[in-house]
Amino acid sequence: MILSYKKKFIKLALEVGALKFGEFKLKSGRISPYFFNSGMFTSGRAAVILGQCYAAALIESKINYQMLFGPAYKGIPLVALTSAAMSQDHNIDLAYCFNRKELKAHGEGGVIVGKSPNQKILIIDDVITAGTAIREAIKIVEVSGGNTTGVLLALDRQEKGQGKLSAVQEVEKEFKIPVLSIIQLSDLIIHLKDSTGDPKLLNSLLAYQDEYGV
């Protein structure tokens, strides 16, 4: 059974073309039966629903945190939408901040926009590919005097990286923190099983999971 916010996210992702099924060559060279691009959530309606889904997953997570951080660039709108939805839907008023890619030498200076992440921080992002951006974000939080207590993504592909672990599992192991997501590959498989989708597509996802899954 898929939780309601997961269903809402999958439905939206399919509607806007953020989630596509077919045959896609990834940077890794693997041929994937699906592709996810968070850059397709580009309307006001999509932004509202996306924020609601992140907030619902955050409530479900039970992670101990005090404020939110969004890594530049995709994490910036995501952290703002999540914070707004937490206030609107759950009456929880959270501070958030994000980083600049370039150090600002004038004005207030620094790399942080917003309140300093010197508390218990939950990082909001879309996906983890190699884990580079998340590692940089954790370092920024650490330098600011904060402590990263978790990461929340849109999608966890649940597939092996160069070794036996996925990029998500590598981050969890290295930093001893939970890395959660709105949906995982397993949720997409359940979605296809529950819908009247193409059985050939379902079989391709199952085969991909069997070969590369963790």
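Everything numeric in this text was worked out from a predicted model, so none of it was measured. Index from 1, following the sequence. Just so you know, these numbers use all the heavy atoms, side chains as well, and skip hydrogens, waters and symmetry mates.
Under a hydrophobic clustering in which Ile, Leu, Val, Met, Phe, Trp and Tyr are joined whenever their side-chain heavy atoms come within less than 4.5 Å, directly or via other members, Phe36 and Ile124 fall into the same cluster. Note: the hydrophobic cluster containing Phe41 also contains Val127 (ILVMFWY, side chain heavy atoms under 4.5 Å, direct or indirect links). Residues Leu26 and Leu185 do not share a hydrophobic cluster, clusters being chains of Ile/Leu/Val/Met/Phe/Trp/Tyr side chains in contact below 4.5 Å. Connection of Ile134 to Val143 is not established within any shared hydrophobic cluster, with ILVMFWY side chains joined at heavy-atom distances below 4.5 Å, either directly or through further cluster members. Transitive grouping of hydrophobic side chains (ILVMFWY, heavy atoms separated by less than 4.5 Å) keeps Val48 and Leu14 in distinct clusters.
The shortest non-hydrogen separation linking Gly70 to Phe98 is O-CB, 3.0 Å. Smallest separation of non-hydrogen atoms from Val171 and Gly131: CG2-CA, 4.5 Å. Smallest separation of non-hydrogen atoms from Leu78 and Asp125: CD1-C, 3.7 Å. In plain terms, the two heavy atoms of Lys115 and Cys97 that are nearest each other are O-CB, 3.2 Å. Minimum interatomic distance between Ala57 and Ile182 (heavy atoms only, all atoms of both residues): CB-CG1, 4.1 Å. Here the shortest heavy-atom pairing between Leu165 and Lys173 reads CD1-CD, 3.9 Å.
The backbone N or O of Pro199 lies less than 3.5 Å from a partner atom in the side chain of Asn203, making a donor-acceptor pair. A distance-only check finds a donor-acceptor pair linking the side chain of Asn99 to the backbone of Ala72 [under 3.5 Å]. The main-chain N or O of Ile183 is found under 3.5 Å from a side-chain atom of Ser181 such that the two form a donor-acceptor pair.
Residues Ile112 and Ser144 form a side-chain contact, since some pair of their non-hydrogen atoms from C-beta on lies under 4.5 Å apart. Using a 4.5 Å heavy-atom threshold, the side chains of Ser83 and Met86 count as separate. Side-chain contact between Lys20 and Met40 is absent, with no heavy-atom pair separated by less than 4.5 Å. Side-chain contact between Glu172 and Ile177 is absent, with no heavy atoms from C-beta onward closer than 4.5 Å. At least one side-chain heavy atom of Leu122 sits under 4.5 Å from a side-chain heavy atom of Leu152. The side-chain heavy atoms of Asp187 and Phe9, taken from C-beta on, include no pair separated by under 4.5 Å. Side-chain contact between Thr148 and Ile123 is present, with heavy atoms from C-beta onward closer than 4.5 Å. A heavy-atom distance below 4.5 Å is found between the side chains of Glu136 and Thr132.
In this structure, Leu201 CG and Leu206 CG are separated by 9.5 Å, a value rounded to the nearest 0.5 Å. Lys200 NZ to Leu205 CG: the interatomic distance, rounded to the nearest 0.5 Å, is 13.5 Å. Here Leu155 contributes atom CG and Ile128 contributes atom CD1; the two are 11.0 Å apart, rounded to the nearest 0.5 Å. Separating the CD atom in Glu142 from the CG atom in Asn118 is a distance of 13.5 Å, to the nearest 0.5 Å. If you take CD1 on Ile49 and CG on Leu12, they are separated by 5.0 Å, rounding to the nearest 0.5 Å. Between atom CD of residue Gln119 and atom CZ of residue Phe69 there is a gap of 13.5 Å, rounded to the nearest 0.5 Å.
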Going through the checks in order, is the side chain to side chain contact (heavy atoms under 4.5 Å, CB included) test met by Val151 and Phe175? CA-CA 11 Å; Val151 178; Phe175 297 100; over 6 Å; no
Pair Thr42-Val16, side chain to side chain contact (heavy atoms under 4.5 Å, CB included): steps then yes or no: CA-CA 8 Å; Thr42 55; Val16 303; over 6 Å; no
Can you check side chain to side chain contact (heavy atoms under 4.5 Å, CB included) on Phe24 and Ile31, steps first, answer last? CA-CA 5 Å; Phe24 306 92; Ile31 304 300; over 6 Å; no
Would Ile10 and Leu188 count as a side chain to side chain contact (heavy atoms under 4.5 Å, CB included) here? Give the steps. CA-CA 8 Å; Ile10 292 172; Leu188 295 182; 4.1 Å; yes
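Residue pairs meeting the salt bridge (Lys or Arg N to Asp or Glu O under 4.0 Å) criterion with at least one member in residues 144-165, sequence neighbours excluded: Arg30-Glu159, Arg157-Glu159.
Taking the six-membered ring where the residue is Trp, Tyr34 and Tyr208 present perpendicular rings, their angle passing 60° and hence far from 30°.
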Could you go through residues 58-68 and list every donor-acceptor pair under 3.5 Å that involves a side-chain atom there, pairing it with any protein atom two or more places apart or in another chain?
unit_1 : atom_1 : unit_2 : atom_2 : d
Ser61  : OG     : Leu58  : O      : 2.6
Ser61  : OG     : Ile63  : N      : 3.2
Gln66  : OE1    : Lys120 : N      : 2.8

